[in-house]
Amino acid sequence: MNILLWHVHGSWTTAFVQGPHTYLVPVTPDRGPDGLGRARTFTWPDSVREVTPAELADAPVDLVVLQRPHEWELAERWLGRRPGRDVPAVYLEHNAPDGDVPRTRHPCADRQDVTLVHVTHFNRLFWDNGATRTEVIEHGIVDPGHLYTGVLPRAAVVTNEPVRRGRHTGTDLLPELARAAPLDVFGMRTQGIARHLGLPEERCRAFELPQRRLHPAMAERRVYLHPVRWTSLGLSLLEAMHLGMPVVALAATEAAEAVLPGTGVLSTRPEVLARAVAHYLAEPQAAAEDGARARQAALERYGLKRFLADWERLMTEVRS
């Protein structure tokens, strides 16, 4: 198939384009949000082709994967065909609802021309999807390998824009957790986080690394810390588990489905998380053993083969 999708979520797309199809990714001269083109920090296969809006008018497209509300209009204008009517379409929702959550109605609610795909069962439950056909296809991860060494007695945190996103990402919890273990915070726009939180630099260091360096750096830290209050299911959490890291996570949204007993610690109490982080720092053998179990659990539930098979089944159904 020729599948049209925008480059919106680099980590998710990296897994999706490992399938057996041709993936058409729009590119514009400014490489802005609607024309980012191929990833520069992720490794994508040659089957991912950049196409300009002008080229799309004559492109043979078998399926459109929409990810943002305005892409309906964008796809119709660039293709000259209406998604869901003239060409099969699915709408992929990456995020949990926001705002007045119990009443948050999805932009695709009650549409009959599209299948709405959620990446977690939590998301499907909390969005008001109306009568739209919905599916859940859980994340898949390109296995980075069992890289864990845990040689650095520090906790790794991966989050983008932690200062701006604040309570969403649990940034306000970091000072208490930094008393239990020094933190290394990886992600975009993390610089200045120690100053923002009033912490000494050594207790909360910031790193902005390209993807090829991120996983080895994470795997050197003793434990992965996931203090996020409100998210879908952080791919960095699943990547940490694939690396063989033990995880300490806030028991919120879908984390309880991913972090099984014996693979780490889940709690809604920050003091419990702090004790767990301190335990792993003091007990490297326990950290390695729980990390190995975390890797096995992640491979079984969030492996790439299952992910691609689920998408293949759905895409075949949508096109039939």
Side-chain angles (χ1 to χ4, degrees), residues 5-16 33 65-72 90-111 114-141 157-174 185 187-189 224-241 247-260 264 266-270 273 297-298 301-302 307 310-311 314:
L5 77 160
W6 277 262
H7 178 183
V8 173
H9 191 305
S11 294
W12 182 89
T13 308
T14 297
F16 184 69
V65 178
L66 304 162
Q67 301 170 78
R68 298 167 295 176
H70 74 277
E71 289 178 3
W72 287 96
V90 299
Y91 189 103
L92 173 65
E93 179 54 68
H94 291 283
N95 300 316
D98 210 348
D100 187 4
V101 171
R103 299 177 179 85
T104 306
R105 192 161 172 81
H106 197 275
C108 290
D110 291 332
R111 295 192 71 127
V114 72
T115 296
L116 174 57
V117 184
H118 292 288
V119 296
T120 71
H121 292 276
F122 177 92
N123 289 6
R124 179 166 69 174
L125 177 68
F126 274 73
W127 276 106
D128 176 1
N129 304 301
T132 304
R133 178 197 176 191
T134 61
E135 292 271 349
V136 176
I137 298 183
E138 295 186 314
H139 288 301
I141 301 294
V157 181
V158 179
T159 182
N160 291 326
E161 301 186 79
V163 173
R164 180 185 67 81
R165 297 168 70 195
R167 287 177 57 83
H168 268 75
T169 54
T171 306
D172 59 303
L173 303 177
L174 295 182
V185 183
M188 294 186 295
R189 288 179 282 282
Y224 181 77
L225 176 62
H226 191 71
V228 182
R229 275 193 183 87
W230 191 254
T231 184
S232 181
L233 178 61
L235 281 170
S236 58
L237 170 66
L238 302 181
E239 289 167 352
M241 295 174 71
V247 295
V248 174
L250 205 61
T253 65
E254 188 85 353
E257 289 285 330
V259 183
L260 303 179
L266 282 169
S267 180
T268 55
R269 298 165 57 187
L273 302 185
R301 182 159 185 172
Y302 302 103
F307 171 78
D310 285 353
W311 269 104
L314 177 61

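Since this is a predicted model, take the numbers as computed values, not measurements. Below, each value reflects all heavy atoms present in this structure, side chains not excepted, and no hydrogens, waters or symmetry copies.
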Show your working on side-chain contact (heavy atoms from CB on, under 4.5 Å) between Val119 and Leu92 and close with a plain yes or no.
CA-CA 8 Å; Val119 296; Leu92 173 65; 3.8 Å; yes
Which of Asp172, Thr253, Thr268 passes side chain to side chain donor-acceptor pair (under 3.5 Å) with Arg229? It is Asp172
Tell me if the aromatic rings of Trp230 and Phe122 count as close, with their centers under 6.0 Å from one another.
yes
Looking only at side chains, do Asn129 and Thr132 share a donor and an acceptor under 3.5 Å apart?
no
Between the side chains of Glu93 and His106, does any donor sit under 3.5 Å from an acceptor?
yes
Look at the rings of Trp12 and Phe16 and say which category their plane angle falls in: under 30° parallel, 30 to 60° tilted, over 60° perpendicular.
parallel
Would you name the heavy atoms of [X] and [Y] that are closest together and state the gap between them?
X: Tyr302; Y: Leu233; result: OH-CD2, 3.8 Å
X: Leu266; Y: Ala256; result: CD1-CA, 3.6 Å
X: Leu173; Y: Pro270; result: CD2-CG, 4.0 Å
X: Val90; Y: Trp311; result: CG2-CZ3, 4.0 Å
X: Pro69; Y: Pro107; result: CG-CG, 4.0 Å
X: Arg124; Y: Glu135; result: NH1-CA, 4.1 Å

Give a yes or no on whether the backbone of [Y] and the side-chain of [X] come within a donor-acceptor separation of less than 3.5 Å.
X: Asp128; Y: Arg103; answer: no
X: Asn160; Y: Gly187; answer: no
X: Thr104; Y: Asp98; answer: yes
X: Gln67; Y: Trp6; answer: yes
X: Thr120; Y: Ser232; answer: no
X: Arg165; Y: Thr159; answer: no
X: Thr171; Y: Pro162; answer: yes

If you count every heavy atom of other residues, nucleotides or ligands that lies below 6.0 Å from Arg105 atom CZ, does the total exceed 12?
yes
Quick one: [atom1] on [X] to [atom2] on [Y], what's the gap to the nearest 0.5 Å?
X: Leu237; Y: Leu250; atom1: CG; atom2: CG; result: 11.5 Å
X: Arg68; Y: His9; atom1: CZ; atom2: NE2; result: 12.5 Å
X: Leu5; Y: Thr13; atom1: CG; atom2: OG1; result: 5.5 Å
X: His226; Y: Met241; atom1: NE2; atom2: CE; result: 11.0 Å
X: Leu116; Y: Asn123; atom1: CG; atom2: CG; result: 10.0 Å

Please step through side-chain contact (heavy atoms from CB on, under 4.5 Å) for the pair Glu257 and Glu138, ending with a clear verdict.
CA-CA 11 Å; Glu257 289 285 330; Glu138 295 186 314; 5.6 Å; no
Stepwise side-chain contact (heavy atoms from CB on, under 4.5 Å) test for Leu235 and Ile141
CA-CA 8 Å; Leu235 281 170; Ile141 301 294; 3.5 Å; yes
Would you say that Leu260 contacts Arg301 through its side chain, given a criterion of any heavy-atom pair below 4.5 Å between the two side chains?
no
Could you walk me through whether Cys108 and Trp127 satisfy the side-chain contact (heavy atoms from CB on, under 4.5 Å) test, starting with their C-alpha distance in whole Å, then the side-chain angles of each, then the deciding distance to 0.1 Å, before giving a yes or no?
CA-CA 10 Å; Cys108 290; Trp127 276 106; over 6 Å; no
